[in-house]
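Excluded from the calculations below are hydrogen atoms, water molecules and symmetry mates; all remaining heavy atoms, backbone and side chain alike, are included. Counting convention: from 1, in listed order, for ligands and their atoms alike.
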Amino acid sequence: MFRDNKAKIIFKNEEQIEGIKQSSILAAKTLKAVAPFVKAGVTTQYLNDVCKQFMYDNKAKSATLGYHGYPKETCISVNDVICHGIPGKYELRDGDILNIDVTTILDSYFGDTSTMFTVGEVTDHARKLIEATKECLNIGIRQCFEGNRVGLIGVEIEKYARSQGYSVVYEFCGHGVGLKFHEEPEINHSTPEDLGPVMKAGMIFTIEPMINAGKARSKVDKKDNWTARTIDGKLSAQFEHTLCVTKTIPFVLSDIDNEFDIPSSVY
Ligand code: MF3
Ligand code: CO
Ligand code: CO
């Protein structure tokens with residue numbers, strides 16, 4: 001969305017990579033900070049405000065507030081909302097699943113990450129969807145090495161998602177990130193028409209698969225023009241990391257849980 005297709009991929013130097021890493025770490029820490037507040041009875045507005053305060057306390061700003069008119073500091077997408085859920089009066093209920101998506105601007109660098117939360121007891125059906133979606137992100141990350149085509153990220157994600165009986169949202173994509181919010185290249189989570197550019201060290205982008213329990217199609221709310229829901233009302237899940245391609249293994253800049261190994265150097 002809102003991508004300038006004529007723009008070029010911005011390869012980052014060491015100083016920029018370090019800055020984008022610090023911003024990504026802060027975005028990931030924001031998700032940790034809000035976690036204890038995610039429970040039944042709490043409004044999504046309240047969760048947004050906890051994130052906002054944490055960002056401000058850490059000398060960062062939200063990249064979403066005012067972005068093409070977007071009204072809040074986070075996106076919070078509950079149950080059948082695929083992405084771009086606007087925090088508001090909705091009170092979480094037992095059994096809800098939700099994605100919180102945080103994009104920070106720290107020292108003018110952008111970091112973008114999101115994760116899933118559950119409220120009370122959720123169904124096995126919901127838990128399995130969440131697990132499979134996290135695996136989709138991991139599978140995508142494993143495709144990130146020099147010389148590979150970016151389109152193969154989506155090819156592999158889609159294979160796995162389908163094998164689990166799920167569909168992949170194709171109307172929203174991952175994106176280059178770092179000096180701006182949405183840069184080239186576009187990162188598809190399903191098989192694209194064109195496999196796109198070859199990956200090279202210094203490329204930084206997000207992978208953020210949105211996986212649906214039912215049909216892949218989405219519909220955007222006619223009243224707020226943002227909230228994207230599944231067309232059939234079934235559940236959707238999403239995880240997102242910001243990563244840097246290196247000469248060796250992918251460097252997951254927003255991984256503060258040490259789930260991924262760290263390369264010894266980028267170039
Ligand atoms: N953070 C989202 C992403 O991962 C984008 C949100 S744009 C907004 O790309 F305007 F909805 F905030
Ligand atoms: Co993103
Ligand atoms: Co995001």
Counting heavy atoms under 4.0 Å, the part of H68 that contacts ligand 1 is neither

Query raised in the report: Can a salt bridge be assigned to the pair E156 and K159 using a cut-off of 4.0 Å between side-chain N and carboxylate O?
Result: yes

Ligand 1 to T103, heavy atom cutoff 4.0 Å, flagged ligand atoms 1 (N)

| side chain to side chain donor-acceptor pair (under 3.5 Å) assessment of N48 paired with T74 | CA-CA 6 Å; N48 178 78; T74 61; 2.7 Å; yes

**Prompt:** Parallel under 30°, tilted from 30 to 60°, perpendicular over 60°: which one fits the rings of F110 and F181?
**Reply:** parallel

Could you tell me whether the side chain of V168 reaches within less than 4.5 Å of the side chain of I211, counting heavy atoms only? yes

With sequence neighbours left out, the residues meeting side chain to side chain contact (heavy atoms under 4.5 Å, CB included) with V50 are V34, F37, Y46

For W226, the atoms of ligand 1 under 4.0 Å from one of its heavy atoms are 8 (C), 10 (F), 11 (F)

**Asked** Could you go step by step and tell me if E131 and K128 meet the salt bridge (charged side-chain N to carboxylate O under 4.0 Å, His left out) rule?
**Response** CA-CA 5 Å; E131 274 165 23; K128 282 195 182 121; over 6 Å; no

- Would you say H84 contacts ligand 1, with heavy atoms under 4.0 Å as the rule? yes

In terms of heavy-atom contacts, D94 and A40 come closest through N-CB, 4.0 Å

* Asked: Does the N or O separation between T64 and ligand 1 drop below 3.5 Å for any pair?
  -> no

E240 heavy atoms within 4.0 Å reach ligand 1 at atoms 4 (O)

Just checking, is any N or O donor in the side chain of S23 or T104 under 3.5 Å from an acceptor N or O on the other one? yes

Task: Neighbour count >12 (heavy atoms, 6.0 Å) for atom CG, D261 - done: no

Note: ligand 1 atoms sitting under 4.0 Å from heavy atoms of C75 are 6 (C), 11 (F), 12 (F)

One finds that the ligand 1 atoms under 4.0 Å from a non-hydrogen atom of Y70 are 8 (C), 10 (F), 11 (F), 12 (F)

Closest non-hydrogen contact found for T113 with E240 is OG1-O, 2.7 Å

Using distance alone, decide if ligand 1 has a nitrogen or oxygen within less than 3.5 Å of any nitrogen or oxygen in Y67. no

- Checking side chain to side chain donor-acceptor pair (under 3.5 Å) for the pair D49/Q45: CA distance, chi angles, key distance, verdict? CA-CA 6 Å; D49 293 348; Q45 178 67 53; 2.9 Å; yes

So, leaving waters aside, the tally of protein N/O/S atoms less than 2.8 Å from the Co ion (ligand 2) stands at 4

Can you list the steps and then say if R142 with E135 is a salt bridge (charged side-chain N to carboxylate O under 4.0 Å, His left out)?
CA-CA 11 Å; R142 279 185 232 130; E135 183 59 17; 3.3 Å; yes

Closest to atom 2 (C) of ligand 1 (heavy atoms only, candidates T74, D101, V102, V177) is D101

| request: State, with a plain yes or no, whether a side-chain heavy atom of I262 is found less than 4.5 Å away from one of F251. | output: yes

- prompt: Taking the non-hydrogen atoms of F172, is any one of them nearer than 4.0 angstrom to ligand 1?
  reply: no

Any K72 heavy atom less than 4.0 Å to ligand 1
no

Short version for T206: what comes under 4.0 Å of ligand 1, heavy atoms counted, is neither

So for C83 against ligand 1, with non-hydrogen atoms under 4.0 Å, the contacting part is neither

